[in-house]
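Report on the structure given below.
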Amino acid sequence: MGYKEVYDRSLADPEGFWMEAAEAIDWVRKPSRALFAGNAPLYEWFKDGQVNTCWNAVDRHVVAGHGDRIAIIHDSPVTGSQQKITYAELQTRVASLAGALRARGVAKGDRVIIYMPMVPEALEAMLACARLGAVHSVVFGGFAAHELAVRIDDCTPKCIIAGSCGIEPGRVVQYKPLLDGAIEQAAHKPEFCVIFQREQEVAKLTGGRDLDWHDFQRGVDPADCVPVSGDHPAYILYTSGTTGAPKGVVRATAGHLVALNWSMKNIYNVNPGEVFWAASDVGWVVGHSYICYGPLIHGNTTVVFEGKPVGTPDAGTFWRVISEHGVRSFFTAPTAFRAIKRDDPKGELIKNHDISCLRALYLAGERADPDTIEWAQNVMGVPVYDHWWQTETGWTIAGNPAGIEALPVKIGSPTVAMPGYDVRILDEGGHEVAPGTLGAIAVRLPLPPGTLPGLWQAEERFRKSYLNTFSGYYETGDAGMKDEDGYLWIMARTDDVINVAGHRLSTGAMEEVLAGHPDVAECAVIGVSDALKGQAPVGFLCLTRGVDRPHDEITRECVARVRDQIGPVAAFKLAVVVDRLPKTRSGKILRAIMVRIADGQDYKMPATIDDPAILDEIRTALQSIGLARN
Ligand code: COA
Ligand code: AMP
């Protein structure tokens, strides 16, 4: 069957389609059906099945005789080390860690926060939670204490598992002070913390609270897999929304297993036993789905890469990893390729490596610009598949189904809707628009298995954020169009979310931090175009009347404040003081026009603008920080 037949069947007979895909999963008790629609527009998949994620990702491969197969390759140019872990070893390690957590009282349904760098132990911690039916929430290491505290208060973890440090080029990031600071700030206190000590930074443990990763496993019985129901939350992953409060995206266990397993062959075109590499971080959804769960559930070898595309040690690192470990399919964000292209424009470094093992490159996380795609195609000599998805969906909404049928690539489009996703382009009134017309991208409900059933303990927010705008649809938050061939084109976000180096960030969250500065009366943050990172945040500050300090002192403090409270990952480096912000007569800040001015693009003067002269002031302010130059 080709793509069209498979896709059409998935929409005409979702029950049959997904029950068939569910055959590839080991169930403790098979579900009686796929879709449970009794609570529409909230849907659940495989709800009455009993299953365990860790069993499917680890134990079943050992039982099937693949215990000697490599499950995880840790390749860490930043520490100069490599490690390979077989499925049998992974089973022993995860069962031991789960046993130690169980001995300390962690049980089904308890939340566990994981704050770790790119080491195999991060995956082991995720899998140990899954083994017990505990619900993990991984927090990206580039977030600062305040962001960690917000997540602690939202999901109220019984314990936190943390690394002692992460390693960024040129510096060791100590995690313990961030962890301590977060626990101090949070109203909820975890019962205990488990610290994985690394030789680059041995953290001082807090007596009565912190346990050493190895010590606390000593003499404890390993734990078996605990069956959970299909709708049990496998994890919570926080992602940026329009406000400072991140959204706790919930992933239900059974749909996650079925969809990720299905995607490994049909989208990423790998067979069990082959090496799959997603160069991202376990703190993001790409890391959850395609560094940890997808490849392991499917019986692949996954690469855990602790390094950067450039500078660790050079722009040839990716080629080395691909050739050294025999990577068949490779997934990363376009920004990584822009970084490589900038350092090695002619792709000279690839000549030192044989990457003939590679079948395709997959890009996602942000818009893939045509230049980058073409450069990657030319240098690597493999097809480049852009694909579009979100933390909320957990796997591809639109992509090129290479394992079913590789469709012709149209550069700039992530290709077509994946099975289960009935993608429509709607106008403001919720009516479908003609092909080639821009609109809001929505997906007709129900979403397929593996997507979010809701937000953690926030049903109203879930409905408001995703379901209420277009009745019967999931609102993606992206705008774009569909062409005559059914190819999708993703153009922009419809909300205040920006995308910096493939990282999804909320300008609203940054504004909340800036507004907290005592001298700032009002502010706005916009995302301007950045040649490397796609977008970069810029802050506009209106000062409180009577403040008479040098502006550069205040902007410096504001930059430091965002780094301190959100984290270095926000890459907030530019702020400028202005007298006033451009607004409509009803008081809405005209952010979209400010972006166009910053990017040197034309714009139409909005009829509702309060005072057009402000736009000239904004242009002058932007020019003072090197932007808005035509
Ligand atoms: N822990 C602590 N700090 C971190 C961190 C982590 N896990 N990850 C990033 N940071 C810090 C960086 O050190 C940097 O700090 P600095 O301001 O002191 O330089 C800051 O956060 C911004 O990081 P980043 O966005 O990674 O920018 P960069 O300039 O260091 O590197 C790229 C640019 C393009 C090389 C980098 O973004 C990259 O490798 N991107 C790959 C894409 C990716 O993984 N996307 C995830 C979604 S698929
Ligand atoms: P995240 O939840 O962090 O994965 O971010 C999801 C958002 O990133 C999407 O809603 C899009 O705005 C953007 N995005 C992801 N992949 C793509 C893509 N292939 N093309 C364009 N935008 C993308």
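Please read these numbers as outputs of a predicted model, since none were measured by experiment. Read the numbers this way: they start at 1 and go in the same order the structure lists the ligands and their atoms.
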Report task. Please indicate, with yes or no, if any protein heavy atom is found under 4.0 Å from atom 36 (C) of ligand 1? Result ->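 It does not; no protein heavy atom is within 4.0 Å.
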**Report entry** atom 32 (C) of ligand 1 protein-contacted (non-hydrogen atom, under 4.0 angstrom)
**Finding:**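 No, because not a single protein heavy atom sits under 4.0 Å from atom 32 (C) of ligand 1.
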Heavy-atom contact under 4.0 Å between [X] and ligand 1?
X	value
M118	no
E366	no
F140	yes
G365	no

Determine whether the aromatic ring centres of residues [Y] and [X] are separated by less than 6.0 angstrom.
X	Y	answer
Y115	Y175	yes
Y235	H256	yes
F330	F276	no
W277	F318	yes

What protein heavy atom sits nearest [atom], and how far off is it?
atom	value
atom 30 (O) of ligand 1	K308 NZ, 3.5 Å
atom 20 (C) of ligand 1	P568 O, 3.3 Å
atom 40 (N) of ligand 1	T335 CG2, 3.6 Å
atom 18 (C) of ligand 2	E366 O, 3.3 Å
atom 19 (O) of ligand 1	K573 NZ, 4.1 Å
atom 18 (O) of ligand 1	R563 NH2, 2.8 Å
atom 3 (O) of ligand 2	R504 CB, 3.3 Å
atom 9 (C) of ligand 1	E168 OE1, 3.4 Å

Query raised in the report: At a non-hydrogen distance cut-off of under 4.0 Å, which region of R338 contacts ligand 1 (side chain, backbone, both, or neither)?
Result: neither
Query raised in the report: Given that the side chain starts at C-beta and the backbone is N, CA, C, O, which of these parts of V286 lies under 4.0 Å from ligand 1, counting heavy atoms, or is it both or neither?
Result: side chain
Report task. Please test N400 against H387 for side-chain hydrogen bond (donor to acceptor under 3.5 Å, both in side chains), starting from the C-alpha separation and ending with a verdict. Result -> CA-CA 7 Å; N400 200 320; H387 59 323; over 6 Å; no
Any chance the side chains of [X] and [Y] put a donor and an acceptor closer than 3.5 Å?
X	Y	answer
E366	Q535	no
E475	T469	yes
D369	T372	yes
S413	T415	no
T239	R504	yes

With a 4.0 Å cut-off on N to O distance, would you call [X] and [Y] a salt bridge?
X	Y	answer
R367	D386	no
D344	K346	no
E147	R151	yes
R251	E392	no
R338	D371	no
K341	E374	no

Query raised in the report: Counting each atom of ligand 2 from 1 as listed, which ones have a heavy atom of D386 under 4.0 Å away?
Result: 18 (C), 19 (N)
Within-cut-off N or O pair, [X] and ligand 1, under 3.5 Å:
X	value
T332	no
S280	no
R171	yes

On a heavy-atom basis, I'd like to know which of [options] is closest to [atom].
atom	options	answer
atom 12 (O) of ligand 2	I490, N499, D478	D478
atom 22 (N) of ligand 2	E392, R367, H503	R367
atom 38 (C) of ligand 1	A501, P309, G534	P309

Looking at [X], which atoms of ligand 1 are within less than 4.0 Å of one of its heavy atoms?
X	value
G502	47 (C)
K533	22 (C), 24 (P), 25 (O), 27 (O), 28 (P), 29 (O)
V569	21 (O)
H503	25 (O), 45 (N), 46 (C)

Query raised in the report: Does some non-hydrogen atom of W389 fall short of 4.0 Å from ligand 2?
Result: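 Yes.
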**Report entry** 4.0 Å heavy-atom contact, G365 with ligand 2
**Finding:** yes
Query raised in the report: Could you walk me through whether T451 and Y474 pass the side chain to side chain contact (heavy atoms under 4.5 Å, CB included) check?
Result: CA-CA 11 Å; T451 56; Y474 165 82; over 6 Å; no
Could you tell me whether some N/O pair between [X] and ligand 2 is separated by less than 3.5 angstrom?
X	value
A368	no
T476	no
T391	yes

Report task. Indicate the ring-plane relationship of Y466 and F462, choosing parallel, tilted or perpendicular according to the 30° and 60° boundaries. Result ->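 Geometry flag for F462 against Y466: tilted rings.
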Report task. Could you tell me whether H387 approaches ligand 2 through its side chain, its backbone, both or neither, with non-hydrogen atoms closer than 4.0 Å? Result ->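 The answer is the backbone of H387.
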Query raised in the report: Closest heavy-atom contact between V282 and V138?
Result: O-CG1, 3.6 Å
